[in-house]
Amino acid sequence: MLRRIYHKLFRAYGPQGWWPADDAFEVMIGAILTQNTAWSNVEQAIAGLRKHDCLKPERILEIHPRRLAKLIKPSGYFNIKAKRLRNLCRWYLDQGGMTVLTGMDTDSLRKGLLAVNGVGPETADDILLYAFDRPVFVVDAYTRRLFGRCGLIDPQLPYETFRTEVERKLKGDAPLYNEYHALIVHHAKVACRTKPVCDGCCLQTVCAFSAQ
DNA sequence: ACCCAGGGTCATA
DNA sequence: TATGACCATGGG
């Protein structure tokens, strides 16, 4: 059933081409900045960072925290996100950069990411999937509502439990998880133009399909 | 003027 | 384990 929902979304919207970034490190930065924040705001923040050559960990660590906060201001929560960016960059460099990180197994990578203050389960999985191409299904609020409403997975399950349930039922690879999560987000955005946010409307198409 | 977005932490019970 | 306060901007 998870497969059929995927195909319906894909047929409706086509490939989404996530993650919108120039390289893996930029994906990590974007994953922090987009926490509870519209992507349009994140784009402005990243533009600010790029303008000041701050899309590298060394630069982010060397500029003054207050200035970093100013650069990412459009993304909101700029003070705490400035700290989180620094935490992530310190970890990134301490580990030895992309070369070393790429060689690590997925579980070790996730543990390392989660140990960074400011990186929670969803942000960690964003990074695992979209920066390191690991076969990890990213669970967000939309995913819970979608699969919950379709009666496929209990939306109240803890994050890790919900994720492993999806992966167990779906048995997909990284490219599939990549498109699936992007499609769910896109679906929520375009189909939720009507006011009652997302409870009755945005899942209707998919749920009507799954009910047959 | 109001609502919330591609979450996470910390204090509290 | 599970709530609640808190963080803050821009676009609808």
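Throughout, a chain's letter reflects where its sequence line sits, starting with A, and its residues are numbered from 1.
Partners of A:E165 under the side-chain hydrogen bond (donor to acceptor under 3.5 Å, both in side chains) rule, at least two apart in sequence or in another chain, are A:R168. Scored by the side-chain hydrogen bond (donor to acceptor under 3.5 Å, both in side chains) test, A:Y77 finds A:N36 as partners (sequence neighbours excluded). The side-chain hydrogen bond (donor to acceptor under 3.5 Å, both in side chains) search around A:E167 returns A:R163, not counting sequence neighbours. Applying the side-chain contact (heavy atoms from CB on, under 4.5 Å) criterion to A:A12, with sequence neighbours excluded, gives no partner residue. Under the side-chain hydrogen bond (donor to acceptor under 3.5 Å, both in side chains) criterion, A:E26 pairs with A:R50, sequence neighbours left out.
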Identify all pairs in which a protein N or O lies below 3.5 Å from an N or O of nucleotides 6-10 of chain B, and state each distance.
residue, atom, partner, partner atom, Å
B:dG6, OP2, A:Y142, OH, 3.3
B:dG7, OP2, A:N36, N, 2.9
B:dG7, O5', A:N36, N, 3.2
B:dG7, O4', A:N36, N, 3.4
B:dG7, O3', A:T123, OG1, 3.4
B:dG7, O6, A:N36, ND2, 3.4
B:dG8, OP1, A:G120, N, 3.0
B:dG8, OP1, A:G120, O, 3.0
B:dG8, OP1, A:P121, N, 3.4
B:dG8, OP1, A:E122, N, 3.3
B:dG8, OP1, A:T123, N, 2.9
B:dG8, OP1, A:T123, OG1, 2.9
B:dT9, OP1, A:G118, N, 3.1
B:dC10, OP1, A:N117, ND2, 3.2

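Within a 6.0 Å sphere centred on NZ of A:K169, heavy atoms belonging to other residues, nucleotides or ligands number more than 12.
Using P as the reference atom, C:dC6 and B:dG6 are 24 Å apart when rounded to the nearest Å. Comparing the P positions of C:dA5 and B:dC4 gives an interatomic distance of 16 Å, to the nearest angstrom. Straight-line distance between the P atoms of B:dG8 and C:dG10: roughly 23 Å, to the nearest whole Å.
Spacing between atom NZ of A:K81 and atom C1' of C:dT9 amounts to 9 Å, rounded to whole angstrom units. Taking atom CD1 of residue A:I46 and atom C1' of nucleotide C:dT9, one finds them 15 Å apart after rounding to whole Å. For the pair A:L33 CG and B:dA5 P, the interatomic distance rounds to 18 Å; values are reported in whole Å. Between the NZ atom of A:K73 and the P atom of C:dG10 there is a distance of 6 Å, rounded to whole Å.
Among residue pairs with one or both ends in residues 67-96 of chain A, none qualify as salt bridge (charged side-chain N to carboxylate O under 4.0 Å, His left out); sequence neighbours excluded. Identified under the side chain to side chain donor-acceptor pair (under 3.5 Å) test for residues 97-107 of chain A, with sequence neighbours left out: A:D105-A:S108, A:T106-A:R134.
Within the structure, every side-chain polar atom (N or O) of A:N41 is placed at least 4.0 Å from both OP1 and OP2 of B:dA5. Listed pair A:Q44 / C:dG11 meets the phosphate criterion, a side-chain N or O lying under 4.0 Å from OP1 or OP2.
A:L33 has its side chain within reach of A:L85: a pair of non-hydrogen atoms, C-beta onward, lies under 4.5 Å apart.
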>> Let's test your reading of the pairing rules: Watson-Crick or G-U wobble, both distances under 3.5 Å, then write DNA chain C as a dot-bracket string with ( ), [ ], | and dots.
In response: |||||||.|||.
